[in-house]
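First up is the structure itself, then whatever we jot down about it.
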Amino acid sequence: MPHVAGRGQEEVEEVVETMADAVSAGPRLRADAEPRAEARLRADARRNSEQIRSAAIGAFQGRGLTVPLEEVAKAAGVSKATIFNRFGGRIGLIEAVIEEVVAAELFAVIDRARTIDDSGERIAYYLTALRDLQYRQPAVNDVLLQTYPDSRQLMEICRVGSDANEEIIAMARTCGVLRPEFTADDLHALVIDTALALKHGELPPRDAYDRRTTYLLDGIRASSSGRP
């Protein structure tokens, strides 16, 4: 050990030992810090994803699935690029929230209709509830119009809805509560016409819209008075 001026031998050895410990501890400190940094990044990513999901649900429910992603990003407090990083783009974002935005309510209507024994009441409930969804939830019309056919989940919702239409109309026709010429294709066309009118036209007053639902139901019911 070389002589160090102004220091005793023991003191010098203690300093050297302390420095050696610090050098050897460096890699351990970095190794401990890396998992903590990764955990923070994962937490930030999860937080961003939840913020984007929440913003998308609010935007899609209020204005439909075609809302500009810039507006979703602004509401979430992130950049548009973050949406692409987390969800891959609009289709991925739609599929991440379509259950909450459309599927849950639409499937609940279908399930409720299937529990109604009386065929007349069943068709009245189904059409009224479906038109209510179309009025309240613009995203429902985007699904019915197959606005994003590249979304497998969206197309699956359409398939389930189409199957329900055929099932409910078939039961109603069998029981004689509908005009014999009224088919599931007719119902599909009426639903699509409503979706187009609500998406591209002016939203009518609610009371007028509900009145037209009554006209629709009266028009498709089987006549009990000999009227054509």
Side-chain angles (χ1 to χ4, degrees), residues 52-73 75-76 80 83-84 86-114 122-123 125-173 178 182-204 206 209-210 212-213 216-217 219-220:
I52 293 168
R53 277 176 47 83
S54 178
I57 289 171
F60 291 162
Q61 286 182 333
R63 297 172 54 194
L65 302 179
T66 59
V67 172
L69 291 185
E70 290 85 355
E71 296 185 18
V72 176
K80 181 179 176 180
I83 293 179
F84 278 83
R86 300 266 72 84
F87 297 96
R90 184 181 296 275
I91 297 300
L93 183 58
I94 287 173
E95 295 194 337
V97 301
I98 198 67
E99 173 68 24
E100 293 94 327
V101 175
V102 172
E105 277 199 272
L106 179 59
F107 292 170
V109 166
I110 294 171
D111 290 342
R112 172 74 179 90
R114 286 170 171 155
R122 183 188 305 117
I123 193 68
Y125 164 79
Y126 182 66
L127 286 181
T128 300
L130 181 57
R131 281 177 55 83
D132 172 65
L133 272 182
Q134 289 186 266
Y135 189 90
R136 291 189 296 103
Q137 298 282 18
V140 170
N141 296 315
D142 286 322
V143 171
L144 294 172
L145 294 171
Q146 300 182 9
T147 305
Y148 295 103
D150 290 337
S151 168
R152 291 184 179 180
Q153 291 187 28
L154 187 151
M155 298 305 293
E156 177 62 13
I157 293 171
C158 290
R159 185 195 65 77
V160 172
S162 179
D163 288 349
N165 286 350
E166 293 184 7
E167 173 190 336
I168 290 171
I169 293 300
M171 289 189 294
R173 282 165 55 89
L178 293 179
F182 187 80
T183 67
D185 287 341
D186 294 322
L187 174 58
H188 176 76
L190 289 169
V191 168
I192 294 301
D193 287 347
T194 299
L196 288 169
L198 291 173
K199 183 172 179 62
H200 299 293
E202 183 176 350
L203 187 69
R206 183 65 202 238
Y209 183 81
D210 290 342
R212 290 159 195 158
T213 300
L216 170 60
L217 287 169
I220 67 174

Flag the pair M155 / R159 as yes when at least one side-chain heavy-atom distance between them is below 4.5 Å, and no otherwise.
no
Please determine whether side chain to side chain contact (heavy atoms under 4.5 Å, CB included) holds for the pair L198 and L203, giving the CA-CA distance in whole Å, both sets of side-chain angles, and the decisive distance to 0.1 Å.
CA-CA 6 Å; L198 291 173; L203 187 69; 3.7 Å; yes
Got L145 and K199 here, is their nearest side-chain heavy-atom distance under 4.5 Å?
yes
Determine whether F60 and P138 make a side-chain contact, defined as any pair of heavy atoms from C-beta on separated by less than 4.5 Å.
no
Would you mind writing out the side-chain donor-acceptor pairs for residues 90-97 within the sub-3.5 Å range, not counting sequence neighbours?
unit_1, atom_1, unit_2, atom_2, d
R90, NH1, L65, O, 2.8
R90, NH1, V67, O, 2.8
R90, NH2, V67, O, 3.0
E95, OE2, S151, OG, 3.0
E95, OE2, R152, N, 3.0
E95, OE2, Q153, N, 3.4

Hey, could you give me the CG/CG distance between L130 and L106, rounded to the nearest 0.5 Å?
7.0 Å
Is there a side-chain hydrogen bond (donor to acceptor under 3.5 Å, both in side chains) between N165 and S162? Walk through the geometry before answering.
CA-CA 5 Å; N165 286 350; S162 179; 5.6 Å; no
Does a side-chain heavy-atom distance below 4.5 Å link R122 with R114?
no
So L196 and N141, side chain to side chain contact (heavy atoms under 4.5 Å, CB included) or not? Walk me through it.
CA-CA 8 Å; L196 288 169; N141 296 315; over 6 Å; no
Honestly, is R173 close enough over F182, meaning NZ or CZ under 6.0 Å from the six-membered ring centre and within 45° of the axis?
no
Test side chain to side chain contact (heavy atoms under 4.5 Å, CB included) on L69 and F84; report intermediate values, then the result.
CA-CA 10 Å; L69 291 185; F84 278 83; 3.9 Å; yes
Inter-residue atom distance M171.CE - L178.CG, 0.5 Å rounding:
11.0 Å
State, with a plain yes or no, whether a side-chain heavy atom of I220 is found less than 4.5 Å away from one of L187.
no
Between I110 and Y126, is any pair of side-chain heavy atoms under 4.5 Å apart?
yes
Here the gap from H188 atom NE2 to I169 atom CD1, rounded to the nearest 0.5 Å, amounts to 13.0 Å
Spacing of L217 atom CG and T213 atom OG1 [to the nearest 0.5 Å]:
7.0 Å
Counting C-beta onward and ignoring hydrogens, is there a side-chain heavy-atom pair between V109 and R112 closer than 4.5 Å?
no
From CD1 (I83) to CZ (R86), nearest 0.5 Å:
11.5 Å
Spacing of Q61 atom CD and E105 atom CD [to the nearest 0.5 Å]
7.5 Å
Report yes or no: does R131 contribute a side-chain atom to a donor-acceptor pair with the main-chain N or O of Y209 at less than 3.5 Å?
yes
Contact between R212 and L216 at the side-chain level, heavy atoms closer than 4.5 Å - yes or no?
no
Residue pair V140, Y135: steps toward the side chain to side chain contact (heavy atoms under 4.5 Å, CB included) verdict:
CA-CA 9 Å; V140 170; Y135 189 90; over 6 Å; no
Looking only at side-chain N and O atoms, does D186 offer a donor or acceptor that is under 3.5 Å from a partner on T183?
yes
For a quick test of reading the model, state the closest non-hydrogen atom pair linking C158 to Q146 and the distance between them.
SG-CG, 3.7 Å
